[in-house]
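Worksheet: one structure, shown below.
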There are 2 protein chains.
Amino acid sequence: MPKRLLSFTRSVHGVNVSAVTSPLVWEHVQPAAARRLLTGAVDAFAERGFQATTTRDIASRAGMSPAALYVHYPSKERLLFEISLYGHNAALEVLRSADTGSTPTDRLRSLVSAFTAWHAQHHTIARVVQYELAALSPEHLAEVATIRRAISTQIEQVLADGVHDGSFAVTDLPGTTLAVLSLSIDVARWYTPHRGDPEALGKLYADLAHRMVGA
Amino acid sequence: MPKRLLSFTRSVHGVNVSAVTSPLVWEHVQPAAARRLLTGAVDAFAERGFQATTTRDIASRAGMSPAALYVHYPSKERLLFEISLYGHNAALEVLRSADTGSTPTDRLRSLVSAFTAWHAQHHTIARVVQYELAALSPEHLAEVATIRRAISTQIEQVLADGVHDGSFAVTDLPGTTLAVLSLSIDVARWYTPHRGDPEALGKLYADLAHRMVGA
DNA sequence: GTCTATATTTCGATAGAC
DNA sequence: GTCTATCGAAATATAGAC
(Lines give C-alpha, C1' and ligand atoms only; values in the text may rest on other atoms or scores of the structure.)
Protein backbone atom coordinates (compact mmCIF):
# COMPACT_ATOMS: atom_id res chain seq x y z
CA MET A 1 0.00 0.00 0.00
CA PRO A 2 1.17 3.56 -0.72
CA LYS A 3 2.22 5.78 2.12
CA ARG A 4 -0.58 7.72 3.83
CA LEU A 5 -0.72 11.42 3.01
CA LEU A 6 -0.22 13.17 6.33
CA SER A 7 1.50 16.28 5.06
CA PHE A 8 0.72 18.37 2.02
CA THR A 9 3.22 20.96 0.89
CA ARG A 10 3.22 20.90 -2.92
CA SER A 11 0.85 23.38 -4.50
CA VAL A 12 -1.23 21.86 -7.25
CA HIS A 13 -2.87 25.08 -8.34
CA GLY A 14 -2.30 25.64 -12.04
CA VAL A 15 -1.19 22.11 -12.85
CA ASN A 16 -2.65 21.05 -16.16
CA VAL A 17 -5.24 18.31 -16.04
CA SER A 18 -7.15 16.97 -19.03
CA ALA A 19 -10.38 15.02 -19.05
CA VAL A 20 -8.35 12.10 -17.73
CA THR A 21 -6.62 12.76 -14.45
CA SER A 22 -2.99 13.67 -14.98
CA PRO A 23 -0.50 11.40 -13.18
CA LEU A 24 1.48 14.59 -12.49
CA VAL A 25 -0.89 15.48 -9.67
CA TRP A 26 -0.28 12.13 -7.98
CA GLU A 27 3.47 11.90 -8.45
CA HIS A 28 3.97 11.30 -4.74
CA VAL A 29 1.92 8.09 -4.85
CA GLN A 30 4.33 5.17 -5.12
CA PRO A 31 4.76 2.67 -6.63
CA ALA A 32 3.53 3.43 -10.14
CA ALA A 33 0.95 0.63 -10.03
CA ALA A 34 -0.68 2.19 -6.97
CA ARG A 35 -0.73 5.53 -8.79
CA ARG A 36 -2.34 4.02 -11.90
CA LEU A 37 -5.06 2.46 -9.73
CA LEU A 38 -5.64 5.76 -7.97
CA THR A 39 -5.94 7.87 -11.11
CA GLY A 40 -8.21 5.23 -12.63
CA ALA A 41 -10.37 5.38 -9.52
CA VAL A 42 -10.55 9.19 -9.64
CA ASP A 43 -11.77 9.10 -13.24
CA ALA A 44 -14.25 6.30 -12.59
CA PHE A 45 -15.64 7.82 -9.36
CA ALA A 46 -16.00 11.23 -11.05
CA GLU A 47 -17.74 9.75 -14.10
CA ARG A 48 -20.10 7.25 -12.49
CA GLY A 49 -19.93 7.75 -8.73
CA PHE A 50 -18.38 5.50 -6.09
CA GLN A 51 -21.22 3.00 -5.83
CA ALA A 52 -21.53 2.52 -9.59
CA THR A 53 -17.80 1.92 -9.96
CA THR A 54 -16.60 -1.66 -9.72
CA THR A 55 -13.18 -2.76 -8.54
CA ARG A 56 -12.92 -4.55 -11.87
CA ASP A 57 -13.39 -1.23 -13.68
CA ILE A 58 -10.67 0.45 -11.63
CA ALA A 59 -8.24 -2.43 -12.12
CA SER A 60 -9.00 -2.49 -15.83
CA ARG A 61 -8.19 1.20 -16.20
CA ALA A 62 -4.88 0.51 -14.50
CA GLY A 63 -4.21 -2.43 -16.85
CA MET A 64 -4.35 -5.00 -14.09
CA SER A 65 -6.44 -7.93 -12.87
CA PRO A 66 -9.11 -7.31 -10.22
CA ALA A 67 -7.05 -9.10 -7.57
CA ALA A 68 -4.01 -6.86 -8.02
CA LEU A 69 -5.94 -3.91 -6.59
CA TYR A 70 -5.90 -5.46 -3.14
CA VAL A 71 -2.11 -5.62 -3.05
CA HIS A 72 -2.11 -1.80 -2.98
CA TYR A 73 -5.37 -0.89 -1.25
CA PRO A 74 -7.28 -2.96 1.33
CA SER A 75 -10.70 -1.94 0.00
CA LYS A 76 -12.52 0.23 -2.51
CA GLU A 77 -13.50 2.62 0.28
CA ARG A 78 -9.87 3.13 1.24
CA LEU A 79 -9.11 4.16 -2.33
CA LEU A 80 -11.90 6.73 -2.09
CA PHE A 81 -10.56 7.98 1.23
CA GLU A 82 -7.04 8.49 -0.14
CA ILE A 83 -8.47 10.53 -3.02
CA SER A 84 -10.82 12.50 -0.79
CA LEU A 85 -8.17 13.26 1.83
CA TYR A 86 -5.62 14.41 -0.74
CA GLY A 87 -8.24 16.43 -2.62
CA HIS A 88 -9.45 18.20 0.50
CA ASN A 89 -5.90 19.03 1.54
CA ALA A 90 -5.14 20.32 -1.95
CA ALA A 91 -8.19 22.58 -1.92
CA LEU A 92 -7.29 23.95 1.52
CA GLU A 93 -3.69 24.56 0.47
CA VAL A 94 -4.88 26.46 -2.61
CA LEU A 95 -6.89 28.76 -0.36
CA ARG A 96 -4.07 29.30 2.13
CA SER A 97 -1.58 30.05 -0.65
CA ALA A 98 -4.00 32.53 -2.20
CA ASP A 99 -4.73 34.49 1.00
CA THR A 100 -2.03 37.05 0.24
CA GLY A 101 -3.57 40.49 -0.38
CA SER A 102 -3.24 43.44 1.98
CA THR A 103 -6.94 44.36 1.98
CA PRO A 104 -10.05 42.20 2.52
CA THR A 105 -11.11 43.02 -1.03
CA ASP A 106 -7.84 41.82 -2.55
CA ARG A 107 -7.82 38.74 -0.33
CA LEU A 108 -11.42 37.79 -1.19
CA ARG A 109 -10.80 38.23 -4.92
CA SER A 110 -7.67 36.08 -4.72
CA LEU A 111 -9.34 33.36 -2.64
CA VAL A 112 -12.42 33.05 -4.85
CA SER A 113 -10.36 33.20 -8.04
CA ALA A 114 -8.00 30.41 -6.92
CA PHE A 115 -10.68 28.22 -5.34
CA THR A 116 -12.91 28.48 -8.42
CA ALA A 117 -10.07 27.83 -10.86
CA TRP A 118 -9.02 24.78 -8.82
CA HIS A 119 -12.53 23.29 -9.02
CA ALA A 120 -12.51 23.80 -12.79
CA GLN A 121 -8.95 22.63 -13.44
CA HIS A 122 -9.29 19.62 -11.16
CA HIS A 123 -12.97 19.00 -11.75
CA THR A 124 -12.60 15.21 -11.70
CA ILE A 125 -10.93 15.22 -8.29
CA ALA A 126 -13.27 17.97 -7.12
CA ARG A 127 -16.31 15.91 -8.04
CA VAL A 128 -15.11 13.07 -5.84
CA VAL A 129 -14.28 15.53 -3.05
CA GLN A 130 -17.65 17.29 -3.14
CA TYR A 131 -20.11 14.56 -4.11
CA GLU A 132 -18.86 11.26 -2.68
CA LEU A 133 -18.69 12.13 1.02
CA ALA A 134 -21.59 9.80 1.83
CA ALA A 135 -19.59 6.77 0.69
CA LEU A 136 -16.81 7.34 3.25
CA SER A 137 -16.75 5.36 6.50
CA PRO A 138 -17.80 7.40 9.55
CA GLU A 139 -14.17 7.62 10.75
CA HIS A 140 -12.85 8.74 7.37
CA LEU A 141 -15.72 11.21 6.95
CA ALA A 142 -14.85 12.77 10.31
CA GLU A 143 -11.27 13.25 9.15
CA VAL A 144 -12.16 15.11 5.96
CA ALA A 145 -14.85 17.07 7.82
CA THR A 146 -12.15 18.82 9.86
CA ILE A 147 -10.51 19.95 6.62
CA ARG A 148 -13.85 21.15 5.28
CA ARG A 149 -14.32 23.30 8.38
CA ALA A 150 -10.89 24.85 7.85
CA ILE A 151 -11.84 25.68 4.24
CA SER A 152 -15.04 27.36 5.37
CA THR A 153 -13.22 29.30 8.10
CA GLN A 154 -10.70 30.62 5.59
CA ILE A 155 -13.47 32.35 3.64
CA GLU A 156 -15.46 33.44 6.68
CA GLN A 157 -12.45 35.17 8.24
CA VAL A 158 -11.85 37.36 5.19
CA LEU A 159 -15.53 38.33 5.09
CA ALA A 160 -15.47 39.12 8.82
CA ASP A 161 -12.34 41.25 8.39
CA GLY A 162 -13.97 43.15 5.53
CA VAL A 163 -17.13 43.79 7.54
CA HIS A 164 -15.02 45.00 10.48
CA ASP A 165 -13.01 47.54 8.45
CA GLY A 166 -16.02 48.64 6.41
CA SER A 167 -14.94 47.13 3.08
CA PHE A 168 -17.96 44.82 2.92
CA ALA A 169 -21.66 45.30 3.61
CA VAL A 170 -22.72 41.83 4.80
CA THR A 171 -25.57 41.33 7.25
CA ASP A 172 -25.74 37.51 7.21
CA LEU A 173 -22.12 36.42 7.63
CA PRO A 174 -22.62 32.60 7.82
CA GLY A 175 -25.12 32.68 5.00
CA THR A 176 -22.92 34.77 2.73
CA THR A 177 -19.85 32.64 3.54
CA LEU A 178 -21.78 29.54 2.53
CA ALA A 179 -23.02 31.21 -0.65
CA VAL A 180 -19.52 32.28 -1.75
CA LEU A 181 -18.14 28.79 -1.07
CA SER A 182 -21.14 27.22 -2.75
CA LEU A 183 -20.68 29.18 -5.95
CA SER A 184 -17.14 27.85 -6.41
CA ILE A 185 -17.94 24.31 -5.30
CA ASP A 186 -20.79 23.93 -7.79
CA VAL A 187 -18.27 24.48 -10.59
CA ALA A 188 -17.23 20.86 -10.06
CA ARG A 189 -20.75 19.76 -11.03
CA TRP A 190 -21.01 21.47 -14.41
CA TYR A 191 -17.48 22.29 -15.58
CA THR A 192 -15.98 20.67 -18.67
CA PRO A 193 -12.89 21.94 -20.49
CA HIS A 194 -14.98 23.24 -23.41
CA ARG A 195 -16.67 25.72 -21.04
CA GLY A 196 -13.61 27.92 -20.99
CA ASP A 197 -10.35 28.64 -19.28
CA PRO A 198 -10.29 27.95 -15.50
CA GLU A 199 -8.34 31.15 -14.84
CA ALA A 200 -10.89 33.27 -16.73
CA LEU A 201 -13.70 31.62 -14.81
CA GLY A 202 -11.83 32.39 -11.59
CA LYS A 203 -11.66 36.07 -12.51
CA LEU A 204 -15.38 36.19 -13.34
CA TYR A 205 -16.25 34.55 -10.04
CA ALA A 206 -13.96 36.94 -8.16
CA ASP A 207 -15.97 39.79 -9.68
CA LEU A 208 -19.26 38.16 -8.74
CA ALA A 209 -18.15 37.44 -5.16
CA HIS A 210 -16.84 40.99 -4.85
CA ARG A 211 -20.25 42.30 -5.82
CA MET A 212 -22.02 39.82 -3.51
CA VAL A 213 -20.36 41.35 -0.45
CA GLY A 214 -21.52 44.80 -1.42
CA ALA A 215 -18.25 46.30 -2.53
CA MET B 1 -48.03 1.41 -13.38
CA PRO B 2 -49.07 4.96 -12.55
CA LYS B 3 -50.02 7.34 -15.29
CA ARG B 4 -47.11 9.18 -16.97
CA LEU B 5 -46.79 12.85 -16.09
CA LEU B 6 -47.27 14.64 -19.37
CA SER B 7 -48.86 17.81 -18.06
CA PHE B 8 -47.91 19.81 -15.01
CA THR B 9 -50.26 22.48 -13.80
CA ARG B 10 -50.29 22.33 -10.01
CA SER B 11 -47.81 24.65 -8.33
CA VAL B 12 -45.86 22.92 -5.59
CA HIS B 13 -44.04 26.03 -4.44
CA GLY B 14 -44.57 26.55 -0.73
CA VAL B 15 -45.87 23.05 0.01
CA ASN B 16 -44.48 21.86 3.29
CA VAL B 17 -42.03 18.95 3.14
CA SER B 18 -40.25 17.46 6.13
CA ALA B 19 -37.06 15.38 6.16
CA VAL B 20 -39.23 12.61 4.72
CA THR B 21 -40.91 13.46 1.45
CA SER B 22 -44.47 14.54 2.01
CA PRO B 23 -47.06 12.45 0.15
CA LEU B 24 -48.87 15.74 -0.51
CA VAL B 25 -46.45 16.55 -3.30
CA TRP B 26 -47.22 13.27 -5.06
CA GLU B 27 -51.00 13.22 -4.62
CA HIS B 28 -51.47 12.75 -8.35
CA VAL B 29 -49.60 9.42 -8.32
CA GLN B 30 -52.14 6.64 -8.14
CA PRO B 31 -52.71 4.11 -6.69
CA ALA B 32 -51.47 4.73 -3.16
CA ALA B 33 -49.03 1.81 -3.34
CA ALA B 34 -47.30 3.38 -6.35
CA ARG B 35 -47.11 6.65 -4.43
CA ARG B 36 -45.60 4.97 -1.33
CA LEU B 37 -42.96 3.35 -3.55
CA LEU B 38 -42.20 6.65 -5.22
CA THR B 39 -41.82 8.66 -2.01
CA GLY B 40 -39.69 5.88 -0.55
CA ALA B 41 -37.51 6.01 -3.65
CA VAL B 42 -37.14 9.80 -3.43
CA ASP B 43 -35.96 9.56 0.16
CA ALA B 44 -33.61 6.65 -0.55
CA PHE B 45 -32.13 8.19 -3.73
CA ALA B 46 -31.60 11.53 -1.94
CA GLU B 47 -29.94 9.87 1.07
CA ARG B 48 -27.71 7.30 -0.60
CA GLY B 49 -27.84 7.92 -4.32
CA PHE B 50 -29.49 5.83 -7.04
CA GLN B 51 -26.80 3.18 -7.35
CA ALA B 52 -26.51 2.59 -3.59
CA THR B 53 -30.27 2.18 -3.25
CA THR B 54 -31.65 -1.32 -3.61
CA THR B 55 -35.12 -2.25 -4.80
CA ARG B 56 -35.49 -4.09 -1.49
CA ASP B 57 -34.86 -0.83 0.36
CA ILE B 58 -37.49 1.04 -1.66
CA ALA B 59 -40.04 -1.75 -1.27
CA SER B 60 -39.29 -1.96 2.44
CA ARG B 61 -39.94 1.78 2.91
CA ALA B 62 -43.27 1.26 1.18
CA GLY B 63 -44.07 -1.69 3.44
CA MET B 64 -44.03 -4.17 0.60
CA SER B 65 -42.08 -7.16 -0.67
CA PRO B 66 -39.36 -6.63 -3.30
CA ALA B 67 -41.49 -8.25 -6.00
CA ALA B 68 -44.44 -5.88 -5.49
CA LEU B 69 -42.39 -2.98 -6.85
CA TYR B 70 -42.45 -4.45 -10.36
CA VAL B 71 -46.23 -4.41 -10.47
CA HIS B 72 -46.06 -0.59 -10.41
CA TYR B 73 -42.75 0.20 -12.12
CA PRO B 74 -40.91 -1.89 -14.73
CA SER B 75 -37.45 -1.05 -13.34
CA LYS B 76 -35.56 0.96 -10.76
CA GLU B 77 -34.47 3.36 -13.48
CA ARG B 78 -38.06 4.06 -14.47
CA LEU B 79 -38.78 5.03 -10.87
CA LEU B 80 -35.86 7.48 -11.05
CA PHE B 81 -37.13 8.88 -14.34
CA GLU B 82 -40.63 9.51 -12.99
CA ILE B 83 -39.12 11.42 -10.05
CA SER B 84 -36.66 13.32 -12.20
CA LEU B 85 -39.25 14.28 -14.81
CA TYR B 86 -41.74 15.47 -12.22
CA GLY B 87 -39.04 17.32 -10.28
CA HIS B 88 -37.72 19.11 -13.35
CA ASN B 89 -41.23 20.13 -14.39
CA ALA B 90 -41.94 21.36 -10.87
CA ALA B 91 -38.77 23.48 -10.82
CA LEU B 92 -39.60 24.97 -14.23
CA GLU B 93 -43.17 25.72 -13.18
CA VAL B 94 -41.90 27.47 -10.04
CA LEU B 95 -39.78 29.74 -12.23
CA ARG B 96 -42.56 30.48 -14.70
CA SER B 97 -45.01 31.28 -11.91
CA ALA B 98 -42.45 33.59 -10.29
CA ASP B 99 -41.64 35.61 -13.42
CA THR B 100 -44.22 38.28 -12.59
CA GLY B 101 -42.48 41.61 -11.86
CA SER B 102 -42.69 44.61 -14.17
CA THR B 103 -38.93 45.37 -14.14
CA PRO B 104 -35.93 43.07 -14.75
CA THR B 105 -34.85 43.74 -11.15
CA ASP B 106 -38.19 42.65 -9.68
CA ARG B 107 -38.35 39.66 -11.98
CA LEU B 108 -34.81 38.51 -11.14
CA ARG B 109 -35.42 38.85 -7.41
CA SER B 110 -38.63 36.89 -7.67
CA LEU B 111 -37.10 34.15 -9.82
CA VAL B 112 -34.05 33.63 -7.62
CA SER B 113 -36.09 33.78 -4.42
CA ALA B 114 -38.58 31.17 -5.62
CA PHE B 115 -36.01 28.88 -7.26
CA THR B 116 -33.79 28.94 -4.17
CA ALA B 117 -36.66 28.38 -1.75
CA TRP B 118 -37.85 25.45 -3.86
CA HIS B 119 -34.45 23.79 -3.70
CA ALA B 120 -34.44 24.19 0.09
CA GLN B 121 -38.06 23.20 0.71
CA HIS B 122 -37.87 20.22 -1.66
CA HIS B 123 -34.23 19.40 -1.08
CA THR B 124 -34.78 15.64 -1.23
CA ILE B 125 -36.47 15.84 -4.63
CA ALA B 126 -33.97 18.49 -5.73
CA ARG B 127 -31.02 16.26 -4.86
CA VAL B 128 -32.37 13.54 -7.12
CA VAL B 129 -33.06 16.10 -9.86
CA GLN B 130 -29.60 17.69 -9.70
CA TYR B 131 -27.28 14.80 -8.81
CA GLU B 132 -28.71 11.61 -10.33
CA LEU B 133 -28.81 12.59 -14.00
CA ALA B 134 -26.01 10.14 -14.85
CA ALA B 135 -28.18 7.19 -13.78
CA LEU B 136 -30.88 7.96 -16.33
CA SER B 137 -31.04 6.08 -19.63
CA PRO B 138 -29.88 8.13 -22.64
CA GLU B 139 -33.48 8.56 -23.84
CA HIS B 140 -34.76 9.66 -20.45
CA LEU B 141 -31.78 11.98 -19.95
CA ALA B 142 -32.55 13.66 -23.27
CA GLU B 143 -36.12 14.26 -22.13
CA VAL B 144 -35.16 16.02 -18.90
CA ALA B 145 -32.37 17.90 -20.67
CA THR B 146 -34.97 19.83 -22.69
CA ILE B 147 -36.57 20.94 -19.43
CA ARG B 148 -33.17 21.96 -18.06
CA ARG B 149 -32.59 24.16 -21.10
CA ALA B 150 -35.95 25.86 -20.53
CA ILE B 151 -34.96 26.53 -16.90
CA SER B 152 -31.69 28.08 -17.98
CA THR B 153 -33.39 30.17 -20.67
CA GLN B 154 -35.86 31.55 -18.14
CA ILE B 155 -33.02 33.10 -16.12
CA GLU B 156 -30.96 34.16 -19.12
CA GLN B 157 -33.88 36.09 -20.65
CA VAL B 158 -34.36 38.20 -17.54
CA LEU B 159 -30.67 39.01 -17.40
CA ALA B 160 -30.67 39.90 -21.11
CA ASP B 161 -33.69 42.17 -20.63
CA GLY B 162 -31.95 43.88 -17.72
CA VAL B 163 -28.79 44.42 -19.71
CA HIS B 164 -30.84 45.81 -22.60
CA ASP B 165 -32.69 48.40 -20.52
CA GLY B 166 -29.64 49.31 -18.46
CA SER B 167 -30.81 47.77 -15.17
CA PHE B 168 -27.92 45.30 -15.04
CA ALA B 169 -24.19 45.61 -15.72
CA VAL B 170 -23.32 42.12 -17.00
CA THR B 171 -20.48 41.55 -19.48
CA ASP B 172 -20.50 37.72 -19.55
CA LEU B 173 -24.18 36.83 -19.99
CA PRO B 174 -23.87 33.00 -20.28
CA GLY B 175 -21.35 32.89 -17.44
CA THR B 176 -23.48 35.01 -15.13
CA THR B 177 -26.62 33.06 -16.01
CA LEU B 178 -24.86 29.85 -15.07
CA ALA B 179 -23.55 31.37 -11.84
CA VAL B 180 -26.98 32.58 -10.72
CA LEU B 181 -28.53 29.18 -11.49
CA SER B 182 -25.61 27.43 -9.87
CA LEU B 183 -25.98 29.31 -6.60
CA SER B 184 -29.57 28.16 -6.18
CA ILE B 185 -28.96 24.62 -7.37
CA ASP B 186 -26.13 24.02 -4.90
CA VAL B 187 -28.64 24.64 -2.09
CA ALA B 188 -29.85 21.09 -2.71
CA ARG B 189 -26.39 19.79 -1.78
CA TRP B 190 -26.07 21.38 1.65
CA TYR B 191 -29.54 22.35 2.83
CA THR B 192 -31.11 20.75 5.89
CA PRO B 193 -34.14 22.14 7.74
CA HIS B 194 -31.99 23.25 10.69
CA ARG B 195 -30.18 25.67 8.34
CA GLY B 196 -33.13 28.01 8.42
CA ASP B 197 -36.34 28.95 6.69
CA PRO B 198 -36.44 28.38 2.90
CA GLU B 199 -38.22 31.68 2.33
CA ALA B 200 -35.58 33.62 4.28
CA LEU B 201 -32.85 31.87 2.30
CA GLY B 202 -34.67 32.82 -0.89
CA LYS B 203 -34.65 36.49 0.13
CA LEU B 204 -30.92 36.38 0.97
CA TYR B 205 -30.14 34.80 -2.39
CA ALA B 206 -32.31 37.34 -4.20
CA ASP B 207 -30.17 40.06 -2.59
CA LEU B 208 -26.96 38.28 -3.58
CA ALA B 209 -28.10 37.71 -7.19
CA HIS B 210 -29.24 41.33 -7.41
CA ARG B 211 -25.77 42.44 -6.38
CA MET B 212 -24.13 39.95 -8.76
CA VAL B 213 -25.71 41.62 -11.78
CA GLY B 214 -24.35 44.99 -10.73
CA ALA B 215 -27.55 46.61 -9.60
C1' DG C 1 -51.98 -6.77 -6.26
C1' DT C 2 -49.22 -8.95 -2.95
C1' DC C 3 -46.86 -12.76 -1.49
C1' DT C 4 -42.86 -16.62 -1.20
C1' DA C 5 -39.38 -18.57 -3.69
C1' DT C 6 -35.85 -18.31 -6.84
C1' DA C 7 -33.32 -17.64 -11.36
C1' DT C 8 -29.39 -15.23 -12.95
C1' DT C 9 -25.86 -12.00 -12.72
C1' DT C 10 -22.46 -9.41 -10.67
C1' DC C 11 -20.21 -7.66 -6.88
C1' DG C 12 -16.12 -7.10 -3.29
C1' DA C 13 -12.68 -9.68 -1.69
C1' DT C 14 -9.63 -13.98 -1.02
C1' DA C 15 -6.62 -18.29 -2.07
C1' DG C 16 -2.78 -20.00 -3.92
C1' DA C 17 0.41 -20.62 -8.00
C1' DC C 18 4.29 -18.37 -10.11
C1' DG D 1 3.50 -8.12 -7.20
C1' DT D 2 0.62 -10.07 -10.65
C1' DC D 3 -1.98 -13.70 -12.27
C1' DT D 4 -6.20 -17.32 -12.68
C1' DA D 5 -9.81 -19.11 -10.30
C1' DT D 6 -13.33 -18.73 -7.13
C1' DC D 7 -15.95 -17.92 -2.77
C1' DG D 8 -19.95 -16.01 -0.49
C1' DA D 9 -23.03 -12.33 -0.47
C1' DA D 10 -26.16 -9.43 -2.50
C1' DA D 11 -28.16 -7.37 -6.48
C1' DT D 12 -32.25 -6.92 -10.16
C1' DA D 13 -35.84 -9.04 -11.86
C1' DT D 14 -39.14 -13.06 -12.69
C1' DA D 15 -42.39 -17.25 -11.80
C1' DG D 16 -46.34 -18.81 -10.03
C1' DA D 17 -49.56 -19.43 -5.98
C1' DC D 18 -53.28 -17.04 -3.78
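- A/R148 meets the side-chain hydrogen bond (donor to acceptor under 3.5 Å, both in side chains) test with A/H88, A/Q130; sequence neighbours excluded.
- Rounded to the nearest 0.5 angstrom, A/E132 CD and A/I83 CD1 are separated by 10.0 Å.
- Rounded to whole Å, atom P of D/dG1 lies 13 Å from atom CZ of A/R35.
- Looking at residues 46-54 of chain B, you'll see that no heavy atom sits under 4.0 Å from any atom of DNA chain C.
- For A/H72, counting side-chain heavy atoms from C-beta on, the closest listed nucleotide (C/dG1, C/dT4, D/dT2) is D/dT2.
- Between the side chain of B/T176 and the main chain of B/L173, no donor-acceptor pair closer than 3.5 Å is present.
- Judged by distance alone, with hydrogens and angles left aside, the side-chain atoms of B/Y131 form no donor-acceptor pair with the main-chain N or O of B/A46 at under 3.5 Å.
- No hydrogens or angles considered: a donor-acceptor pair under 3.5 Å links the side chains of B/D161 and B/Q157.
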Short N/O separations, protein against nucleotides 13-16 of chain C, under 3.5 angstrom:
from: C/dA13; atom 1: OP2; to: A/Y70; atom 2: OH; distance (Å): 3.0
from: C/dA13; atom 1: OP2; to: A/K76; atom 2: N; distance (Å): 3.2

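- Counting to the nearest Å, the P atom of C/dT2 and the CD1 atom of B/I58 are 16 Å from each other.
- Evaluation of the ring pair (Phe, Tyr, Trp, His ring centres under 6.0 Å) test over residues 41-63 of chain A, restricted to residues two or more places apart or in two chains, returns A/F45-A/F50.
- For the residue pair A/L183 and B/A179, the shortest heavy atom distance occurs at CD1-O, 3.4 Å.
- Taking five base pairs at each end of the helix from C/dG1-D/dC18 to C/dC18-D/dG1, the local helix axes there meet at an angle of 0°, rounded to 10°.
- Residue pairs meeting the salt bridge (charged side-chain N to carboxylate O under 4.0 Å, His left out) criterion with at least one member in residues 61-75 of chain A, sequence neighbours excluded: A/E47-A/R61, A/D57-A/R61.
- Atom CG in A/L37 sits about 10 Å away from atom P in D/dC3, given to the nearest Å.
- Atom CZ in A/R36 sits about 7 Å away from atom P in D/dT2, given to the nearest Å.
- Using the six-membered ring where Trp is involved, A/H119 and A/F115 have ring planes that are perpendicular, over 60° apart on the 30 and 60° scheme.
- With rounding to the nearest 0.5 angstrom, the CD1 atom of B/I147 is 5.0 Å from the CG atom of B/L85.
- For A/Q30 and D/dG1, the CD to C1' distance is 15 Å, given to the nearest whole Å.
- When the nucleotides D/dG1, D/dT2, C/dT2 are ranked by their closest atom to the side chain of A/M64, D/dT2 comes out on top.
- Counting heavy atoms from C-beta outward, B/L38 and B/Y86 have side chains that stay 4.5 Å or more apart.
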